[in-house]
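In what follows, a single structure is set out as structure tokens and then discussed.
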Amino acid sequence: MAENEHVPLFETRQMKGRILFRSVAASILLGICFVFIYRVRFLPVGGNAERWTWIGLFLSELWFSFYWLLTTVCRWNSVNRIPYIHRLSQRFGEELPGVDVFVCTADPSIEPPSMVVNTVLSVMAYDYPPQKLSIYLSDDGASDLTFYAMLEAADFSKTWLPFCNKFGVEPRSPEAYFRTASEAVHVEEWILVKKQYEDMKMRIEATTKMNRIPEHIRKQHKGFREWDLVSSKRYHQTILQILIDGRDPNAVDFEGNPLPTLVYLAREKRPQFQHHFKAGAMNALIRVSSRISNSPIILNVDCDMYSHNSELIKYPLCIFMDEEKGDEVAYVQFPQNFDNLTKNEIYGSSFRVIQKLEVQGFDANGGPCYIGTGCFHRREALCGKKYDRNYKVDWKKLNNTKVEENASLLEETCKVLASCSFEHNTAWGKEMGLVYGFPVEDVITGLSVQCRGWKSMYLSPEREGFLGVAPITLLQTLVQHKRWTEGHLQVFLSKYCPLLYGHKKIPLKLRLAYSAFNLFAANCLATLYYVVVPCLCLLKGISLFPKISSPWVLPFAYVAFVHRAYSLGEFVWCGGTFLGWCNDQRMWLFKRTTSYFFAFFETILKLLGYSQLAFVVTAKVAEEDVSKRYERELIEFGAASPMFDILATLAMLNLFGSFVAIKKVILDGNQGSKIIDQFGLQILLCLVLVTINLPVYQALFFRKDNGKMPTSVTCKSIILALLACTLAMCYR
Ligand SMILES: O=c1ccn([C@@H]2O[C@H](COP(=O)(O)OP(=O)(O)O[C@H]3O[C@H](CO)[C@@H](O)[C@H](O)[C@H]3O)[C@@H](O)[C@H]2O)c(=O)[nH]1
Ligand SMILES: [Mn+2]
């Protein structure tokens, strides 16, 4: 045992492939330098249009290069962390700290209670001493449908938990388990539990469909009476119900084992008080849980992210409880993985490369950002404590906090903690808890925790920790990315700008890493320029790139080709398919020209005081035909949206550009080869864009299903693109 104490609980390893990464990056940098030399040396002297379009293109290239350099510097060093959970068990046995799990939900119509129940059951069933586990559900929808579903979950857990333990069930979300697992050895028990689960699901779905709880059910639990006072989800008192009190000796499953504590909370809402969306919900949970279980470790998950790995809690504990390096760590972040992705990830939602290669760079520079779900926090750090070198946790001592009040008394005393006015004139939302005022409460909170001196770490075990639901329509995806990039940009332009706020608090490289993420949206301008201007210049006969026969074409070709080829290599190395990479490239373009563009403008409007903070919750369900198209990997355009106007117009513009160019090449006879020489790269750029946009043309002109582009979008885009072309050709 004595020698064991010096064995670390986790190890840090350099990432593989660093030499390749660095050499490729260095060669690209050289290529970029040649591109810049070309741009400066061949700056057109005559012709206003020539000169200014050239300068504009140069500025775009400068921006791209700057952004690329930023991301490359942040990835220069990357590390992997490897936890050793058997060492944890050897050293601490059952003397493990309490863990509070927070699950957030906001709206039963787009986050169905049956899904929430699965997430809750999956975290209740962690392979962890149940006396040390407490689950809290925050319901910002204040819905009795969700409350009812939780009652059902509490009941079903008595069967589900022993079943999981007995047969080592994995994953422990019943829905996911019964969907994927084939009948186990103990067929009878398996069928019985499955039936019980399906009955429960049916009951929950029936009430959801009816949108009300029948009287006979309402009579079964005192909690329903609270809803007599609820006038709407924006106007109601705090509802707090301890559904399972882990301290109660009668709270046991059907085999007599203790159950984890389970709490339902809908914090008070009044229209005159800001509720701060998810950040507000999390802060209410932090306070309420501090009275009930007060565990030193907090895990937070979104309601759609079920636990996919029953051993998971022990992984971050290896980091927190490591004698040498553990005490400085404030949070341990797991990646966001999804279980509803199609083979070729049509909306590029897997974040493969980011999660398998890029965040590791963050980690090496001081710690990953907090991404809102799948994150284990040290309660003290989240609640505002500053790190200092003498900080040392005695985990054994921490285990001994006991509350005496009975459950109903506890419910009453806790309610005030979740009331609207509680935070008035306190540091909550500023130095305590999650930070308010941004649509990305997670990132800003992580940053401020790190600026208080803490580190964070990233764990990405072989078996994924959590699986969630990725948006299944294009519009939902674009709107989600708009919220994220808008939030990031707002952070960058606020007093929390990592470059300034983090000065002397966190390493420069970490500030740069944050800036790279914060500046996502700023990519929109350069991208739009690159998509629109070369095409218009082609129509007008302005050449913007070197001739094909000139040696200057080489650096352009090299940078473009190697950069993309390396990206493809990484994507495939991370487990993606070639088509998946192509889809990812398309989404790269779509997001930059729409989500980022809107995010950029809305941020400016907000700075000027014209726009308010909002949080558009992503839908986790869709109509059947939409789901079917998603499974067939058909992009869903079927809605009128300004985002689609932009996408369609850009697609049409490049189609016209390519068409005119090809016509010229073919019809102009012996001039043809000259045109190709002069405009080769520009034509190629247009053709690449046309290829990327093929599904857009299909949706505009050929599709018949409901996912096709609305006719209004088709008309608008043709008119706008024609107008732009005519203007370009006539403008002198
Ligand atoms: O007023 C609100 C709004 C949202 N939520 C919850 O917040 C979570 C995330 O919302 P979702 O619409 O699923 O957003 P995503 O874009 O999927 O979320 C990502 O981005 C968010 C920040 O923009 C983070 O909070 C999330 O953890 C992260 O997964 C969900 O559980 C919601 O129930 C609330 O509790 N209250
Ligand atoms: Mn989500």
Side-chain angles (χ1 to χ4, degrees), residues 85 89 94 101 103 112-133 135 137 145-146 148-209 214 216-217 220-221 243-246 248-262 301 303-314 339-340 462-469:
I85 52 176
S89 312
E94 291 282 290
V101 185
V103 181
S114 57
M115 179 190 80
V116 180
V117 158
N118 272 286
T119 303
V120 167
L121 283 166
S122 77
V123 292
M124 286 177 81
Y126 268 126
D127 183 8
Y128 201 73
Q131 311 89 316
K132 301 200 167 149
L133 200 56
I135 320 305
L137 178 82
L145 303 172
T146 308
Y148 167 63
M150 293 302 292
L151 285 178
E152 287 279 6
D155 202 35
F156 182 61
S157 68
K158 294 180 191 155
T159 312
W160 181 241
L161 268 47
F163 178 71
C164 287
N165 286 332
K166 200 158 151 196
F167 300 113
V169 164
E170 213 59 271
R172 297 195 171 183
S173 139
E175 179 71 32
Y177 174 69
F178 289 120
R179 190 174 56 221
T180 51
S182 53
E183 280 180 35
V185 205
H186 301 267
V187 186
E188 268 166 48
E189 207 160 341
W190 198 88
I191 293 177
L192 214 72
V193 176
K194 183 166 191 243
K195 168 116 190 7
Q196 212 175 326
Y197 168 66
E198 275 163 3
D199 288 349
M200 170 185 78
K201 185 177 160 194
M202 229 165 57
R203 288 194 297 274
I204 295 176
E205 285 181 343
T207 54
T208 311
K209 210 165 157 206
H216 71 274
I217 297 182
Q220 285 167 15
H221 196 281
L243 303 178
I244 301 176
D245 181 2
D248 179 357
N250 295 325
V252 288
D253 65 28
F254 286 137
E255 307 220 320
N257 310 308
L259 286 168
T261 295
L262 180 64
V301 287
C303 59
D304 62 346
M305 286 256 157
Y306 66 84
S307 153
H308 185 249
N309 183 339
S310 62
E311 294 235 292
L312 198 81
I313 296 188
K314 291 174 194 155
D339 79 342
N340 67 331
E462 193 74 36
R463 184 178 172 87
E464 292 103 336
F466 304 93
L467 288 183
V469 179

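All residue numbers refer to positions in the sequence shown, counting from 1.
Residues Glu170 and His308 come closest through the heavy atom pair OE1-O, 3.6 Å. Nearest heavy-atom pair across Ala125 and Ser310 is O-CB, 4.5 Å. Closest of all the heavy-atom pairs between Ser114 and Glu205 is OG-OE2, 3.7 Å. What you find for Ala153 and Met200 is that their closest heavy atoms are N-SD, 4.3 Å. The two residues Ser122 and Ser173 come nearest to each other via the heavy atoms CB-N, 3.7 Å. In this structure, Leu133 and Val101 approach most closely via the heavy-atom pair CD1-CG2, 4.2 Å.
Using bins of under 30°, 30° to 60° and over 60° for the plane-to-plane angle, the ring pair Trp160/Phe178 lands in the tilted bin.
With contacts defined as side-chain heavy-atom distances shorter than 4.5 Å, the pair Lys166/Glu189 qualifies. For the pair Thr146/Leu137, a side-chain contact is recorded, criterion being any heavy-atom separation below 4.5 Å from C-beta on. Looking at Leu262 and Met124, their side chains come closer than 4.5 Å, going by heavy atoms from C-beta outward. Contact check for Ser157 versus Ile244: side-chain heavy atoms found under the 4.5 Å cut-off. Side-chain contact check for Leu151 versus Gln220: every heavy-atom pair is 4.5 Å or farther apart. Inter-residue side-chain proximity for Phe163 and Tyr197 is flagged as unmet; no heavy-atom pair is nearer than 4.5 Å. Within the 4.5 Å cutoff, the side chain of Asp339 has heavy atoms near those of the Tyr306 side chain.
Atom CG of residue Asn257 and atom CG of residue Asn165 lie 7.0 Å apart, to the nearest 0.5 angstrom. The distance from atom CG of Asp304 to atom CG of Asn118, rounded to the nearest 0.5 Å, is 11.5 Å. To the nearest 0.5 angstrom, Tyr126 atom OH is 12.5 Å from Leu161 atom CG. Note that the CG atom of Asp248 and the CG atom of Leu259 stand 10.0 Å from one another [nearest 0.5 Å]. To the nearest 0.5 Å, the span separating CG on Leu312 from CG on Asp127 amounts to 11.0 Å. With rounding to the nearest 0.5 angstrom, the CG atom of Leu121 is 8.0 Å from the CE atom of Met150.
Listed for the Thr119 side chain is a donor-acceptor partner under 3.5 Å among the backbone atoms of Cys303. For Thr261 (side chain) and Gly246 (main-chain N/O), a donor-acceptor pair under 3.5 Å exists by modelled atom type. A donor-acceptor contact shorter than 3.5 Å links the side chain of Lys132 to the backbone of Glu94.
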Glu198 and Lys194: salt bridge (charged side-chain N to carboxylate O under 4.0 Å, His left out), yes or no, with the steps? CA-CA 6 Å; Glu198 275 163 3; Lys194 183 166 191 243; 3.7 Å; yes
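Ionic pairing of Asp199 and Arg203 is not present here: no N-O contact between side-chain nitrogen and carboxylate oxygen is shorter than 4.0 angstrom.
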